[in-house]
Amino acid sequence: MSLLIPDSPGTYDKVGRRGLVSGGAVGMRRAAEMPKKQSAGIVAYRMRSEAPELFLVHPGGPFWARKDDGAWSIPKGEFVEGEEKLQAARREFTEETGLSLDGTFRELAPIKQPGGKLIHAWAIEQDLDASAIRSNLFTLEWPPRSGRRQEFPEVDRAAWFAWPLALRKVLKGQRPILIQVLGRLGVAEEAVASELTELAAPSG
């Protein structure tokens, strides 16, 4: 899951915004030559009272600790060019949850995130124990500039959500993935559109 450390005004990648400013045409050419980042993930779902529930995970670490609505994600992670996508998705799912999947994987159409990353995803019907997850760890200097490095779980919790709540909880850029799953499961387009309209309405 590429959610561990947020972008900030003072943080730039090697060829990103800083490269374009300082490198001019060279920076733009290098940026164009860089391979686009891709990730692969899995949406697990189960049926309850003839309506789907979706399995989402909450990213660990101090930045995400107090965030809830719009912060959850499908289990996913980046893969390298040439790696088999479904295999990468299954690996990432297990690394982030400690759970394995067995069944029929249904491929979804890839979606592009606002930042340009392409997400490949699969859906599978599976009834998992969300309380039993065991995530891998990452190391982060925390507090910032303290010189102290701490370990945090990549995923600090998982949960099943009824589909309208899942649309609210998931990162906005991943909603199209869940919408595809709902369409495959026969959820009425009008019902999904109504939920999205409510989410887009100003709060308060």
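Computed from a predicted model, the values in this text were never measured in an experiment.
Using a 4.0 Å cut-off between charged side-chain N and carboxylate O, R168 and D68 make no salt bridge.
Among K85, K76, Q113, E92, the one residue that satisfies the side-chain contact (heavy atoms from CB on, under 4.5 Å) test with S39 is K76. The side-chain contact (heavy atoms from CB on, under 4.5 Å) with V43 is formed by just one residue from the set I177, L182, V170, I124; it is I177.
Between L171 and G70, the shortest heavy-atom distance links the atoms CD2-O, 3.2 Å. Nearest heavy-atom pair, A158 versus A130, reported as atom, atom and distance to 0.1 Å: O-CB, 3.6 Å. In terms of heavy atoms, P153 sits closest to F138 at O-CE2, 3.6 Å. What you find for G147 and E141 is that their closest heavy atoms are N-OE2, 2.8 Å. Of all non-hydrogen atoms in G173 and P114, the two that sit nearest each other are CA-CD, 4.3 Å. Between L178 and A166, the shortest heavy-atom distance links the atoms CD1-O, 3.9 Å.
Separating the CZ atom in R134 from the OG1 atom in T94 is a distance of 14.5 Å, to the nearest 0.5 Å. How far CZ of R149 is from CD of E151: 10.0 Å, rounded to the nearest 0.5 Å. In this structure, OG1 on T104 lies 10.0 Å from CD on Q126, to the nearest 0.5 angstrom. Atom CG of L196 is separated from atom CZ of R175 by 6.5 Å, given to the nearest 0.5 angstrom. The CZ atom of R46 lies 4.5 Å from the CD atom of E53; values are rounded to the nearest 0.5 Å. Atom NZ of K169 and atom NZ of K67 lie 13.5 Å apart (nearest 0.5 Å).
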Inset, instruction - Test R184 against L108 for side chain to side chain contact (heavy atoms under 4.5 Å, CB included), laying out the working first. - result: CA-CA 9 Å; R184 298 277 187 96; L108 306 171; 4.0 Å; yes
Legend entry - side chain to side chain contact (heavy atoms under 4.5 Å, CB included) between Q150 and L140, intermediate numbers included: CA-CA 5 Å; Q150 300 187 53; L140 176 69; over 6 Å; no
Inset, instruction - Before giving the answer on side chain to side chain contact (heavy atoms under 4.5 Å, CB included), spell out for L185 and E125 the whole-Å C-alpha distance, their side-chain angles and the decisive distance to 0.1 Å. - result: CA-CA 10 Å; L185 297 176; E125 185 172 8; over 6 Å; no
Inset, instruction - Evaluate the salt bridge (charged side-chain N to carboxylate O under 4.0 Å, His left out) criterion for residues K172 and D69: first the C-alpha distance (whole Å), next the side-chain angles of each, then the deciding distance (0.1 Å), finally the verdict. - result: CA-CA 10 Å; K172 185 176 181 180; D69 286 356; over 6 Å; no
Inset, instruction - Determine, stepwise, if the pair E96 / V57 fulfils side chain to side chain contact (heavy atoms under 4.5 Å, CB included). - result: CA-CA 8 Å; E96 293 184 1; V57 296; 4.2 Å; yes
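Contact of the F93 side chain with the L128 side chain is registered, since non-hydrogen atoms from C-beta on lie closer than 4.5 Å. Using a 4.5 Å heavy-atom cutoff, the side chains of E78 and Q38 are not in contact. Proximity of L167 to I179: side-chain heavy atoms (C-beta onward) are separated by under 4.5 Å at one or more points. Between I74 and I42 the shortest side-chain heavy-atom distance does not fall below 4.5 Å.
No donor-acceptor distance shorter than 3.5 angstrom exists from the side chain of R106 to the backbone of A123, with no hydrogens or angles considered. Remark: the backbone N or O of A191 is not paired with any side-chain donor or acceptor of S194 at under 3.5 angstrom. Side-chain N or O atoms of E154 include none that pairs as donor or acceptor with a backbone N or O of P59 at under 3.5 Å. Here the side chain of E84 pairs a donor or acceptor atom with the backbone of Q87 at under 3.5 angstrom. Proximity of a side-chain donor or acceptor of T97 to a complementary backbone N or O of L99 within less than 3.5 Å is detected.
For the ring-ring contact (aromatic ring centres under 6.0 Å, His included) condition, the pairs that include at least one residue of residues 110-133, sequence neighbours left out, are F79-H120. Sorted by first then second residue, the ring-ring contact (aromatic ring centres under 6.0 Å, His included) pairs that include residues 156-181, not counting sequence neighbours, are F55-W160, W72-F161.
Side-chain contact check for S73 and Q174: at least one donor-acceptor pair (N or O, by modelled atom type) lies under 3.5 Å.
Residues passing the salt bridge (Lys or Arg N to Asp or Glu O under 4.0 Å) test with E83, sequence neighbours excluded: R91.
The cluster map of Ile, Leu, Val, Met, Phe, Trp and Tyr, joined by side-chain heavy atoms under 4.5 Å apart, puts M47 and V192 in the same cluster.
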